[in-house]
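These notes concern the structure reproduced below.
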Amino acid sequence: MRILMLGVNYRTAPVELREKISFDGDRLDHTLTGLCERYQSTQIVILSTCNRTELYVARPDGKPPNAAQLIEYLAAMGDVDAALLTPVSIQREGEEAVRHLFRVAAGLDSMVLGEPQVLGQVKRAYERAAACGAAGPAMHAMFQQAIAAAKRVRTQTGIADGRVSVGSVAADFAKQIFDRFDDKTIVAVGAGEMIKLAMRHMIKIGPGKLWVINRSVDRARALVDDLGISASTGGARAFDDLDQLLVDADVVLTSTGSRKPIIDVKRFRPLVRRRKHRPIFIVDIALPRDVAADVGQLPNVYLYDLDDLQKVVARTHEQRSGELEQCEQIVRDAVSACYEQLQNRDISELIRKLRELMHDISEVERSRTLRKIESSDAMAIPDAVREILKEHNHRMINKILHMPMHQLNNGGSDVPLGFYAAALRRLFGLDDSQESKPSSATAPAPPGPQRHDPPSPQL
Amino acid sequence: MNDPATIIALVVITLISLATSAEALLRLRGSSNTARASAWPAVGITAAILGSTALFCYRWLVVNEDYALLQAHVDGLLLVAALLGAMVLVLRTRRELRGLAAFMLPVQTLILLWAICAASFTFELFAVATPVKTLHRVGVYLGTLCVAVAAAAGGLYLLTQRQLRNKRGGDPGQPSNPGGNLETVERLIIRTATLGFALLTVGLITGAVIVAASETTRLGAGWWYSPKVLFALAAWLMYAIVMCVRHTTSFRGARAAWLAIVGLALMLGVFGIMSAMPGQSKTNTNIHHAPNHLPDAEDR
């Protein structure tokens, strides 16, 4: 089998093009089924995320589809000119294709290094292909090992440590101050884009109350609607309520267009007593700042501005970059093992075919020889002699094949196994197009040290 | 009273506890890899617990007279050290309190060091002849265990708060982060201080009953203003305040943490007077000590 990867990603193609050839839901199933029907004996997994659309294909040697055919198919599905797609597409073959998948799954090829979402997307893509019967033994091995390697990368290195957005950093700091949020009140001061992004992260931590306060109440209401805040858990408030909300709040996010601080010590100090000294976490992501720096000196007040949060983000990026080499090493090892396994499976299949070919030839020749003897001597040949002749052929085939098989199984480090595979195919006319592809997700697992039953319950 | 086997075993257990404490403190500041890979803390803590428990049982069954559970101060300290270790094992499984071990283990080491001194210097045995005296000791030692946890939580609170205020060193999601959030740690301080307060109250009341019920008390008329009693009352007051921080809001946060730490220091002061200054018994401060051959001597 030949492994091929073809696709576009955020580095090569603009979002306008990527969104045309992205697949999800029924469209993904339809595309998988269509490709499988068109290219029999081909195994396919389609990974489609907001940052990439990639096709992973294992096809019989010398058989379609090739890269150009896949591009044409993709272009037709996305109603895009193939000539537009070709220059922005990336292609990988063999071990490079396997390596690409492993790096993608581990988040090493992501826009945000080490981001965790892509691993889930790879899992879902694989499970979808397995459910459609499009993923054969080679894809099962590739994807299951890629997912396992990605988990190793995440657990054995610091690539997943830290946070990479200001909102998520703020949410994490809030978790260092408060244990639970279902009894907490979060107040957003302002209704701009920054507040919206930060609030999305804050909503995830499940606060009891969420209030949006803005000079324009209409804009606050629009943001409340946009964030899906229900009336029972909060809503929009007028700017005059700011003092009362500062008393009630446990977390305050602020980003207004004000040129001067809207919260200073003079305003906040009396509120500390009204708050009964409860801790308060203030995240000021406005420029110029909305909260005077000396407010952070008051007891039980934790004030963070944009610089503080961005420093953490920068440290995270720096730290993750430092982990890259270790991650790459894990991926390299895993790719080598996986690709060797794929090649061994390929060679085993070839050896089986070669042996069958030899036996077919010997059977034909044995029958011919027996017929000749019978016709020349005009006598029946005893069954014992027939068996002896059969065993003779069998032993001869075994002896002829012994040395090359031994070399394939034990040696050949100087020459890649793929070379032998290609040579065997070429010399003996072995074609793996006739091998059967699993017709359903419950296809038997490929042989090997690990048993892979798609879809795997551990995924 | 000086049992060589007890002292040797105590030294070994203390060294294990010391190594585990050092590792926990290094882990608090250490890199991600060491934070993940090392299995030493669990091994060290477990070894210290098993060692303390085994030694406690050995003393109970072999050394102490009449199989008395708490016959000497060292027995009580061993009990506290073992229970403290067990609490560390339980609390370190909670992600929000993962940094607490770094503060509790040094306290355990301190208690074990104290036990070495107590094993070496104690020249008189406790009198555990009556339920009131037994209750007094159980109250004092378990109360000490609770206030030790409260003090350790106070240390964690102060460190976490400092990192949050400095906005560095405790990045979210980083292994170097001491762990724990302020709300959980404060809750732990209040709960353990409350329990410690209750147990120390039992210890104080039963202690007063013991002295008052003695016909010929060795403490004399001025026992109530002896350093031991004053220290114990001060510690009790600290925990009374900490216990009420939810209502007396001006003591919230860092102040409660400091009070918990000072409270433990005062409790250790009480033990110091009781154990490391045996001569004080002559000045009516050592109400626990009685002649070795007279188990109920303090009632005389």
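Hydrogens, waters and symmetry mates are skipped; everything else that's a heavy atom, side chains included, is used. Predicted model only: the values in this text are computed from it and were never measured. The chains referred to below are lettered A, B, ... by the order of the sequence lines, with proteins before strands, and numbering in each begins at 1.
Between B/Glu183 and A/Lys184 there is a side-chain heavy-atom pair separated by less than 4.5 Å.
Between A/Ile177 and B/Leu164, the closest heavy-atom pair is CG1-CD1, 3.7 Å. In this structure, A/Val301 and B/Arg165 approach most closely via the heavy-atom pair O-NH1, 3.3 Å. Between A/Asn300 and B/Tyr157 the shortest heavy-atom distance is OD1-OH, 4.2 Å.
Open room surrounds CZ on A/Arg269; 12 or fewer heavy atoms of other groups in view lie less than 6.0 Å from it. In the displayed structure, A/Arg275 atom CZ is contacted under 6.0 Å by more than 12 heavy atoms of other residues, nucleotides or ligands.
Taking CZ from A/Phe178 and OG1 from B/Thr184, the interatomic distance works out to 11.5 Å, rounded to the nearest 0.5 Å. To the nearest 0.5 angstrom, B/Asn181 atom CG is 11.5 Å from A/Asp172 atom CG.
With hydrogens and angles ignored, the 3.5 Å screen pairs no side-chain donor or acceptor of A/Tyr302 with any backbone N or O of B/Gln161.
Interface remark: A/Val272 contributes no atoms to any contact with chain B (heavy atom separation under 4.5 Å).
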